[in-house]
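Right, one structure below, let's go through it.
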2 protein chains.
Amino acid sequence: MTTEEAAPARAGQCEDRPTGGGAAEQGYDVFAQVCPSRAVFAELADKWSLLILMSLAACGPQRFSELQRGIGGVSRKMLTQSLRNLERSGLLLRTVYPETPPRVVYDLLPLGRELAELVTPLGRWTEHRADRMLAARGEFDAAHAAHAGE
Amino acid sequence: MTTEEAAPARAGQCEDRPTGGGAAEQGYDVFAQVCPSRAVFAELADKWSLLILMSLAACGPQRFSELQRGIGGVSRKMLTQSLRNLERSGLLLRTVYPETPPRVVYDLLPLGRELAELVTPLGRWTEHRADRMLAARGEFDAAHAAHAGE
DNA sequence: GTCTACGGTCTCCAATATAGACCAGGTCTC
DNA sequence: GAGACCTGGTCTATATTGGAGACCGTAGAC
């Protein structure tokens with residue numbers, strides 16, 4: 001699985017690019033602008049949604065404020081919005097306990113857990129390779145600055 | 001900032017954050033607002049960057065215009081910006097052939113290939129589960145509309 | 001009475017995404 | 001020779017989005 005980029009008839013790719021008629025039997029193709037799967041992908045592929053999934057996968061059910069504290073820098077607005085989004089797509093469950101003060105707990109549904117298991121390695125990889133990427137940035141910026149200076 | 005969390009230890013609300021292994025030695029934690037790995041993560045975790053990585057992994061080296069055609073709906077500006085970003089972080093290589101008309105080819109570097117191998121399953125999963133998520137959305141919206149109508 | 005905690009929503013403003021025009025500069029057509 | 005066209009961008013104007021912080025309603029602590 002390491003060097004399998006020469007797969008036969010990739011979905012919506014290469015010579016087989018026609019949108020809607022890709023290799024996927026359902027015709028779903030994230031590369032196609034009008035594909036429903038693209039819309040879903042576009043909503044999931046943002047940092048806050050991914051961090052929420054990772055946080056819930058790592059720590060189990062959490063309250064709104066726990067998530068907010070755990071995910072540094074997220075605003076209430078974006079947290080609410082991303083959570084609603086994930087809830088709407090059936091990835092997580094929102095449970096309200098009508099206590100005082102109110103308590104709302106978010107937990108992954110099976111679908112969300114599946115996704116979280118794909119996303120978590122992404123976060124790990126980022127942490128693991130951050131040094132390398134930062135170094136590359138330094139070189140790139142230096143080369144660029146030198147280029148500009150000459 | 002205005003809202004100083006004044007957290008006792010750190011943002012991590014559960015003791016067993018997944019960053020406890022390996023990466024924690026460097027203090028890298030995508031959940032932390034000020035961590036360098038978060039900055040990197042935030043740049044990678046957007047739909048265009050992920051689609052670019054998937055496209056390059058699936059089809060091999062591609063020209064600018066090939067990428068643009070392959071990734072439906074991406075604007076030249078965002079494509080340029082995302083490619084620069086990935087290039088800057090050492091994930092892909094930009095090669096200019098000073099021909100006429102000019103030819104610019106983008107290809108994954110080893111680091112980018114690593115990431116692409118984590119990202120590609122994400123795209124596949126989205127295509128595979130899109131139906132389920134769309135159904136969940138339908139239910140959610142219906143329930144919400146009913147709620148509002150009453 | 002005032003303050004805090006909770007889980008939001010609302011408003012305002014800055015930042016960002018998108019669409020589309022424009023550019024260099026070489027080829028091709030007429 | 002004039003003009004259209006190709007590529008890989010950049011620039012601009014407008015639409016969308018993100019973030020900061022105010023507000024809400026209930027209840028308990030001070």
Side-chain angles (χ1 to χ4, degrees), chain A residues 33-34 38-39 41-52 55-56 61-88 92-107 144 147-148, chain B residues 1-8 13 33-34 38-39 41-52 55-56 61-88 92-107 140 144 147-148:
Chain A
Q33 184 177 8
V34 296
R38 158 64 78 82
F41 183 81
E43 288 185 6
L44 299 179
D46 84 297
K47 63 181 173 186
W48 299 132
S49 297
L50 299 185
L51 286 170
I52 288 169
S55 183
L56 289 174
Q62 284 169 85
R63 309 177 53 162
F64 184 88
S65 50
E66 286 173 332
L67 283 164
Q68 196 187 356
R69 273 187 289 271
I71 299 170
V74 68
S75 62
R76 283 190 291 287
K77 180 181 169 182
M78 287 313 295
L79 184 56
T80 301
Q81 187 173 304
S82 302
L83 285 168
R84 284 281 182 287
N85 206 348
L86 294 171
E87 184 196 1
R88 188 167 90 106
L92 57 79
L93 184 67
R94 177 177 181 266
T95 310
V96 181
Y97 297 89
E99 305 168 353
T100 298
R103 188 160 61 98
V104 179
V105 174
Y106 294 89
D107 194 12
H144 231 253
H147 214 40
Chain B
M1 283 303 229
T2 51
T3 53
E4 47 275 30
E5 304 294 337
Q13 66 280 21
Q33 184 176 8
V34 297
R38 159 64 78 83
F41 183 82
E43 288 186 4
L44 298 179
D46 84 297
K47 62 181 173 185
W48 299 132
S49 298
L50 299 185
L51 286 171
I52 288 168
S55 183
L56 289 174
Q62 284 171 84
R63 309 177 55 163
F64 184 87
S65 50
E66 285 174 332
L67 284 164
Q68 196 188 356
R69 272 187 289 271
I71 299 170
V74 69
S75 64
R76 284 193 287 289
K77 181 181 169 185
M78 287 312 294
L79 185 54
T80 301
Q81 188 173 304
S82 302
L83 285 169
R84 284 282 182 287
N85 205 350
L86 295 171
E87 184 196 1
R88 188 166 91 106
L92 57 79
L93 183 67
R94 177 176 181 267
T95 309
V96 181
Y97 297 91
E99 305 167 353
T100 298
R103 188 159 61 98
V104 180
V105 174
Y106 294 90
D107 194 12
F140 183 92
H144 232 252
H147 216 40

**Prompt:** How close or far is atom P of D:dC6 from atom CZ of B:R76, stated in whole angstroms?
**Reply:** 12 Å
**Message:** Less than 4.5 Å apart, side chain to side chain, heavy atoms only: is that true for A:L67 and A:L79?
**Reply:** yes
**Fill in**
Quick note, B:S75 side chain, CB onward, closest among D:dG18, C:dT9, C:dT18 is C:dT18
**Message:** From the set C:dC6, D:dG8, C:dT27, return the single nucleotide nearest to any side-chain atom of B:P102.
**Reply:** D:dG8
**Asked** Is the closest side-chain heavy-atom distance between A:R38 and B:I71 below 4.5 Å?
**Response** yes
**Message:** Of the options C:dT27, D:dC6, C:dC12, whose atoms approach the side-chain atoms of A:K77 most closely?
**Reply:** C:dC12
**Complete:** Between CD of B:E66 and C1' of D:dT7 the distance, given in whole Å, is 12 Å
**Request:** Would you kindly give the CE-to-P distance between A:M78 and C:dG8, to the nearest whole Å?
**Result:** 15 Å
**Prompt:** So does A:W48 get a side-chain nitrogen or oxygen closer than 4.0 Å to the phosphate oxygens (OP1/OP2) of D:dG19?
**Reply:** yes
**Message:** Looking at D:dG8, I'd like to know if its phosphate oxygens (OP1 or OP2) sit under 4.0 Å from a side-chain N or O belonging to B:R63.
**Reply:** yes
**Item:** Gap between atom OG of B:S65 and atom CZ of B:R76 - 0.5 Å precision
**Value:** 10.5 Å
**Sugar-phosphate, base or nothing in reach of A:E99, heavy atoms under 4.0 Å** = nothing
**Message:** From CZ of B:R84 over to P of C:dA17, roughly how many Å is that when rounded to an integer?
**Reply:** 16 Å
**Message:** Whole angstroms only, please: what is the NZ-P distance between A:K47 and D:dG18?
**Reply:** 9 Å
**Asked** Contact class for B:Q68 vs. all strands (heavy atom < 4.0 Å): base, sugar-phosphate, or nothing?
**Response** nothing
**Request:** When you get a sec, tell me which of D:dG9, C:dA5, C:dT27 is the closest nucleotide to the side chain of B:F64?
**Result:** D:dG9
**Asked** Can a side chain N or O of B:S65 be found less than 4.0 Å away from OP1 or OP2 on D:dG8?
**Response** yes
**Rounded interatomic separation in angstrom, taking CD from B:E43 and P from C:dA17** = 11 Å
**Message:** I'd like to know if the side chain of A:S55 and the backbone of A:L51 have a donor-acceptor N/O pair within less than 3.5 Å.
**Reply:** no
**Asked** Contact class for B:Y97 (heavy atom, under 4.0 Å): base, sugar-phosphate, or nothing?
**Response** nothing
**Fill in**
Checking D:dT10, D:dG19, C:dC6 against the side chain of A:P101 (C-beta onward), the nearest is C:dC6
**Fill in**
Among the nucleotides D:dT7, C:dG8, C:dA17, whichever has the atom closest to the side chain of B:Q81 is C:dA17
**Asked** Are any non-hydrogen side-chain atoms of B:L92 and B:L83 less than 4.5 angstrom apart?
**Response** yes
**Prompt:** Is any side-chain heavy atom of B:Y106 closer than 4.5 Å to a side-chain heavy atom of B:E66?
**Reply:** no
**Prompt:** To the nearest Å, how far apart are B:I71 CD1 and C:dT18 C1'?
**Reply:** 16 Å
**Message:** Strictly below 4.0 Å: does A:R94 bring a side-chain N or O up to OP1 or OP2 of C:dG8?
**Reply:** yes
**Item:** Spacing between A:R103 atom CZ and D:dT26 atom C1', to the nearest angstrom
**Value:** 16 Å
